[in-house]
Amino acid sequence: MLDPRLIRNELAQTARLLKRRGFELDCKQLEQLESERKSLQVTTEQLQNERNTTSKAIGQAKAKGEDVAPLLAAVADFGAQLKQNETRLAAVQQQLNDLLMAIPNTLHDSVPDGRDESDNEEVRRWGTPRAFDFEPLDHVDLGDRLSMMDFETATKLTGSRFVVMSGALAKLHRALTQFMLNVHTKEHGYREVYVPYIVNSESLKGTGQLPKFAEDQFAIGGEQEYYLIPTAEVPVTNMMRGNIIDAQRLPTKFVAHTPCFRSEAGSYGKDTRGMIRQHQFEKVEMVQFVKPESSYEALEQLTRNAETILQKLELPYRVLNLCAGDVGFSAAKTYDIEVWLPAQNCYREISSCSNYEDFQARRMKIRWRNPDSKKPELVHTLNGSGLAVGRTLVAIMENYQNEDGSVRVPKALQHTMGGVKVLAADMP
RNA sequence: GGAGAGGUGGCUGAGUGGUCGAAAGCGGCGGUCUUGAAAACCGUUGAGGGUUUAUCCCCUCCCAGGGUUCGAAUCCCUGCCUCUCCGCCA
C-alpha cells in the first residue's frame, strides 16, 4: 500500500509515477472521496467530542447528586446523528482503502521503461551455455528414460500440472533443497525458519496477493478462510506483521523451504509440458527486513545470494532488471534470474528478487524504532527465491545430460547424494 | 471433541458502567550522586489519525466484530486465540 499522504498531498505526482508501469490512477474519484472523508471526519470528531464532554458532565452532576434530566434531554437525539456520521465516514474510508489497496507500488528510478518482458534490461551473464554434440533432450524425455519422472500417475492422483518423481531423481530434488538451505544459512547469514503452508487472508493481504489476485490462490474449503501459500514469502514476511523491531536486529534475514501452490489461472496452454509450471512446487525463499536507507544495497546482496547457488551448481544464467511494465504489483524493483535451458534454447526464470520498500510493511505494520527520531517507522522488506527447486532440477537435468540419457550430478551435490555421480536408468 | 479459566501498555499485573489511555511493579530513557560503574533517589516513558507553519487542541484504540447506554476496559452476543483437566491422535 502506498502512503495515503501521497494520495492527499501529491496526487498528480503519484499518478505520473504510476503511469510508468501503465497504471491509470483515478485522480478525480480519489480527490472527491478524499474531500468527503475530510469533512465527514471533522464533523464526526466534533460530534464525538460533544458526546464525550456531555457524558462527563452528566457523570459529574450525578456524583454531586444534581438533577441530570435536563442534560439527558439535551442529548436525546444526539446518538442517532453521531451514528449516521460515523457510518458514512466508515463507508467513505472503506472505499478509499479499497482503492488504495488496489494501487501498485511506485517504481525505483533505476527501473527501465518498457511495457513487457521484451523490454527487460539484461544486467549481466554468468557461464557459457554448453555446446552439445548431440541433440539435447528436455527434462520430460530425460525423466521418462530414467523412469524417475511420471506425469501420468500424478494426473491420476490429482490432475494436470503435478508430478511424481522417484528414486535417485527424487533424492536429487531433496539434495538440492538441503544444499540451498545450507549455503544460505552457513554462508549468507540467513536464519532458517519452518512455517505454516496454510495461511489466513490477513497474511495474503499483507504481502499483496489479496485482494487483487484471489484467483491465483488455492483457497481451502472449511469453516476458516484459509489458503495454501503461493510462496514462503507470505508466511515468512508476515511473521513480523504488527511488530516493532529493535534497530539492532536489523537487518533480519530469514530463509525457508516450503512447497508453493499456485492455481495458475490464466496461464492455460502456457508451459503445459513438464515441470516448468506446476500447481505445486518446492522453493527456498530468502526474506529480509532492513532499514529503509539500506534496502537497495540489500537487494543487490540478496540477488547475489541467489546467484551463488547457480554458480556453485555451475549453471549458466543471466540477470534481468525488470522493466516498468513487468515489475510485479507490490515491488519497487525486481531482478529476475534466468537459467539456461538447452532443450528450450533459452533462459528461463528461476528466481525473482524484489525490493518492496515500505509497500508491504505499511500493509503489515512492520516497523522499527529509529533511534534518531525515537519513533516507530516502517521497515523495507525484500525477498527472493534462492531458488525455485523444481526448475533448478530441470536445469540440472538438461544441462548435465549425457548422450545416453543419463544425467551427471553437479559436484556441489555429490556429497549430499551419498557419492552418486550419475543418474542412470538402471538405478534403483 | 467434552469441562473449566482467561485474553489489559515492551513485560508482569490491578481495574466499582462516569476526569481510565488505564494503578503498581519490572524494563527503557533522562538526571542527581560517583574517578567510572552499580545501588539509591528524582523525573520521564504506548500507538494511529484529524487540524495546524508549529505548539495547542481534538478523535480512535484495553484480542476482533456487533449490541445495550447520555456514557463501556468494565454489561450482553458472536468469532478467534491462550491456559488447565479429560478424551482422541502422528
Side-chain angles (χ1 to χ4, degrees), chain A residues 1-10 30-31 33-101 194-206 210 220-227 235 238-250 252 289 358 360-379:
Chain A
M1 191 162 88
L2 293 177
D3 189 341
R5 270 178 273 258
L6 289 177
I7 300 302
R8 269 173 227 159
N9 307 328
E10 291 162 57
L30 281 168
E31 266 169 349
L33 277 170
E34 177 50 28
S35 77
E36 243 180 282
R37 186 229 100 220
K38 197 178 234 175
S39 70
L40 272 172
Q41 182 159 347
V42 169
T43 54
T44 303
E45 289 188 358
Q46 276 168 357
L47 289 171
Q48 285 172 328
N49 181 19
E50 216 169 316
R51 175 202 63 197
N52 291 346
T53 48
T54 313
S55 294
K56 267 178 194 165
I58 292 173
Q60 282 166 346
K62 248 190 174 169
K64 288 182 203 152
E66 292 168 5
D67 180 20
V68 294
L71 283 168
L72 286 176
V75 290
D77 61 356
F78 196 79
Q81 201 189 338
L82 175 60
K83 179 138 274 175
Q84 200 191 352
N85 267 278
E86 282 176 338
T87 311
R88 281 177 61 203
L89 176 62
V92 170
Q93 276 174 331
Q94 185 62 50
Q95 275 185 67
L96 218 40
N97 192 52
D98 288 350
L99 280 174
L100 230 48
M101 288 291 274
Y194 170 85
V195 292
Y197 303 154
I198 295 174
V199 294
N200 56 36
S201 59
E202 274 309 300
S203 293
L204 284 164
K205 277 178 199 155
L210 288 180
I220 64 173
E223 288 173 30
Q224 311 286 346
E225 192 189 353
Y226 283 164
Y227 298 85
N238 274 280
M239 279 170 65
M240 292 295 178
R241 171 149 49 94
N243 288 6
I244 298 175
I245 308 171
D246 285 343
Q248 313 91 275
R249 299 199 55 186
L250 295 177
T252 292
F289 305 86
D358 61 14
Q360 293 183 327
R362 183 169 295 105
R363 292 181 169 218
M364 282 182 274
K365 292 190 170 58
I366 306 177
R367 292 167 294 178
W368 67 298
R369 201 169 287 278
N370 185 340
D372 296 330
S373 68
K374 308 221 161 135
K375 286 275 176 193
E377 296 173 9
L378 295 169
V379 301

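By convention in this document, chain letters (A, B, ...) are assigned in the order of the sequence lines, proteins followed by strands, and residues within each chain are numbered from 1.
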*Please work out which residues in residues 44-62 of chain A have a non-hydrogen atom less than 4.0 Å from an atom of RNA chain B and list them by number.*
A:Glu45, A:Gln48, A:Asn49, A:Arg51, A:Asn52, A:Ser55, A:Ile58, A:Gly59, A:Lys62
*Is there a donor-acceptor pair closer than 3.5 Å between any side-chain N or O of A:Arg367 and the backbone N or O of A:Val379?*
no
*Whole-Å distance between B:G9 C1' and A:Ile244 CD1?*
11 Å
*Distance (rounded to the nearest 0.5 Å) between A:Asn97 CG and A:Leu33 CG*: 11.5 Å
*What is the distance from CG of A:Leu82 to C1' of B:G71, rounded to the nearest Å?*
12 Å
Pairs: protein N or O with nucleotides 64-69 of chain B N or O, under 3.5 Å:
none

*Nucleotide B:G27, atom C1' - distance to CG of A:Asp246 in whole Å*: 12 Å
*Going through the checks in order, is the side-chain hydrogen bond (donor to acceptor under 3.5 Å, both in side chains) test met by A:Asn238 and A:Arg241?*
CA-CA 5 Å; A:Asn238 274 280; A:Arg241 171 149 49 94; 2.7 Å; yes
_Rounding to an integer number of Å, can you tell me how far A:Leu89 CG sits from B:U60 P?_
12 Å
*Spacing of A:Arg5 atom CZ relative to B:U51 atom P, expressed in whole Å*: 10 Å
*Round to the nearest Å and state the distance from A:Asn97 atom CG to B:G48 atom P.*
17 Å
*asked:* I'd like to know whether A:Gln48 forms a side-chain hydrogen bond (donor to acceptor under 3.5 Å, both in side chains) with A:Glu86, so could you lay out the CA-CA distance, the side-chain angles of the two residues, the decisive distance to 0.1 Å, and finally the verdict.
replied: CA-CA 9 Å; A:Gln48 285 172 328; A:Glu86 282 176 338; 2.9 Å; yes
_Residue met sooner reading RNA chain B from 5', once A:Gln41 and A:Glu86 are mapped to nucleotides_ = A:Gln41
*Opposite nucleotide pairing with B:A5, Watson-Crick or G-U, both atom distances under 3.5 Å*: B:U82
*For the side chain of A:Asp246 and the backbone of A:Gln248, is there at least one donor-acceptor N/O pair under 3.5 Å apart?*
no
*asked:* B:A47, OP1 or OP2 - any side-chain N/O from A:Arg369 closer than 4.0 Å?
replied: yes
*asked:* Any side-chain to backbone donor/acceptor pair from A:Asn200 onto A:Ser203? Under 3.5 Å, distance only.
replied: yes
*Would you kindly give the CD-to-C1' distance between A:Glu34 and B:U51, to the nearest whole Å?*
13 Å
*Return the value, rounded to whole Å, for the distance between atom CD of A:Gln93 and atom C1' of B:G49.*
9 Å
*Flag yes if more than 12 heavy atoms outside A:Arg362 fall under 6.0 Å of its CZ atom; otherwise flag no.*
yes
_Between A:Pro376 and A:Leu72, which residue's closest nucleotide on RNA chain B lies nearer the 5′ terminus?_
A:Pro376
*Not counting sequence neighbours, which residues clear salt bridge (charged side-chain N to carboxylate O under 4.0 Å, His left out) with A:Glu34? List them please.*
A:Arg8, A:Arg37
